[in-house]
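For reference, the structure is listed below as structure tokens.
Numbers here simply count residues along the sequence, with the first being 1. Quick caveat: nothing in here was measured; it's all calculated off a predicted structure. Hydrogens, waters and symmetry mates are skipped; everything else that's a heavy atom, side chains included, is used. Just so you know, ligand 1 is whichever comes first in the structure, and atom 1 is the first atom listed for that ligand.
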Amino acid sequence: MPIYKAPVEDVNFLLNDVFQIDRYDNLPGFSDASADLREAVLSEAAKLSEEVLQPLNRVGDIEGCIRHDDGSVTTPKGFKQAFKQVAEGGWLGLSAPTEYGGQGLPVTLSHAVTEFQCSANMAFAMYGGLTMGATAALIVHGKPDQKKMFVPKMVAGEWTGTMNLTEPQCGTDLGLLRTKAVKQGDGSYKITGTKIFISSGEHDLSDNIIHLVLARIEGAPAGIKGVSLFVVPKILVNPDGSLGARNGVSCGSIEHKMGIHGNSTCTMNYDGATGWLI
Ligand SMILES: Cc1cc2nc3c(=O)[nH]c(=O)nc-3n(C[C@H](O)[C@H](O)[C@H](O)COP(=O)(O)OP(=O)(O)OC[C@H]3O[C@@H](n4cnc5c(N)ncnc54)[C@H](O)[C@@H]3O)c2cc1C
């Protein structure tokens, strides 16, 4: 049976002796990341990756994800429980700002944790990875109400995130994208188009999925200059933060890949879905 042993000693050596990370304690978060705390975080991360995530790697590869007729997607056995454990352990918010419920520790440390998780089970780690990426984009570029509405739930792992760039006619050259955004009277946009290869686009690990979607606003110039980014929740969020109606976005199919079967790589159909410009 394959095993995974996280390289805790090597990472400690890199952080302590090569990077001499304590020299950077004038940077935000670094002074909280003492040698003892780093050691504790890495040891716990190693345990999680070795004992929980790695044993699910083969299960994920054999079972894969299953799309049902209603467009919902079931992840492999054990993924849901493990994701709950990752979320409740605060692993998705290790480097997120404390004002959103994160622990505010350096990304240098959380990257080592991500490395353990990816090595143990890439397909599983991608659900959290995409969430952390979307969270970071919202923190840096989101409007204040968008940050308030989405970021704390994503940091807590109650909601997950995606990035929707690729379309059937464009991957590398995103200037060719056709997904359309039409402005509505209330300031929101109606998003229509098809995205392909969307990692973690649909699944059963979280209560909501927050899609970050590239689209072209009606009348915007052709090419890359006319591309804008929108936040489009799978389930619309009420002003009080509770979940409301289902939005016009659904998973049309999932890719059958050579590997990482445990991650749902989805075709996402946007049929006049409500989104907001980031
Ligand atoms: C497992 C998996 C997960 C993915 N997850 C996501 C996701 O979550 N969200 C998302 O939006 N997309 C996702 N993608 C899509 C991925 O981003 C695209 O596959 C990628 O952008 C490349 O696009 P393409 O496949 O259309 O290849 P192409 O753009 O057709 O490129 C094919 C080849 O041509 C080269 N090429 C293209 N244009 C030029 C040029 N002008 N000059 C020189 N060389 C060029 C490229 O370098 C490449 O080698 C995923 C893909 C995979 C396989």
Any donor-acceptor N or O pair under 3.5 Å, side chains [X], [Y]:
| X | Y | value |
| --- | --- | --- |
| Tyr270 | Asn164 | yes |
| Asp204 | Ser72 | no |
| Asn208 | Ser206 | no |
| Thr75 | His203 | no |

Establish whether [atom] and some protein heavy atom are separated by less than 4.0 angstrom.
| atom | value |
| --- | --- |
| atom 30 (O) of ligand 1 | no |
| atom 7 (C) of ligand 1 | yes |
| atom 33 (C) of ligand 1 | no |
| atom 11 (O) of ligand 1 | yes |
| atom 21 (O) of ligand 1 | yes |
| atom 40 (C) of ligand 1 | no |
| atom 44 (N) of ligand 1 | no |
| atom 26 (O) of ligand 1 | yes |

Which protein non-hydrogen atom lies closest to [atom], naming both residue and atom, and how far is it?
| atom | answer |
| --- | --- |
| atom 24 (P) of ligand 1 | Gly171 CA, 3.9 Å |
| atom 2 (C) of ligand 1 | Thr265 CG2, 4.4 Å |
| atom 4 (C) of ligand 1 | Phe197 O, 3.2 Å |

Would one find an N or O of [X], backbone or side chain, under 3.5 Å from an N or O of ligand 1?
| X | value |
| --- | --- |
| Thr166 | yes |
| Leu165 | yes |
| Thr172 | yes |
| Met163 | yes |

Check [Y] with [X], please: is the shortest side-chain N to carboxylate O separation under 4.0 Å?
| X | Y | value |
| --- | --- | --- |
| Glu167 | Arg178 | no |
| Lys257 | Asp61 | no |
| Lys180 | Glu218 | no |
| Glu88 | Lys84 | yes |

Margin query: Using a 4.0 Å cut-off to any heavy atom of Ser199, which atoms of ligand 1 qualify?
Written below: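 Those qualifying, in numeric order: 3 (C), 4 (C), 5 (N), 6 (C), 7 (C), 8 (O).
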Next item on the list: Identify, by atom number and element, the atoms of ligand 1 in contact range of Ile198, meaning under 4.0 Å from any of its heavy atoms.
Entry: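 In order of number, 7 (C), 8 (O), 9 (N), 10 (C), 11 (O).
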Next item on the list: Take Ser95 and Ser110 through the test side-chain hydrogen bond (donor to acceptor under 3.5 Å, both in side chains) and record every step on the way to the result.
Entry: CA-CA 6 Å; Ser95 298; Ser110 62; 2.6 Å; yes
Notebook entry, point to check: Backbone N or O of Val249 within a donor-acceptor pair of the Arg246 side chain at under 3.5 Å?
Noted result: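 Confirmed, Arg246 side chain pairs with Val249 backbone.
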Next item on the list: Report yes if some heavy atom in the side chain of Phe116 is under 4.5 Å from a heavy atom in the side chain of Leu53; otherwise report no.
Entry: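 Contact flag for Phe116/Leu53 side chains = no.
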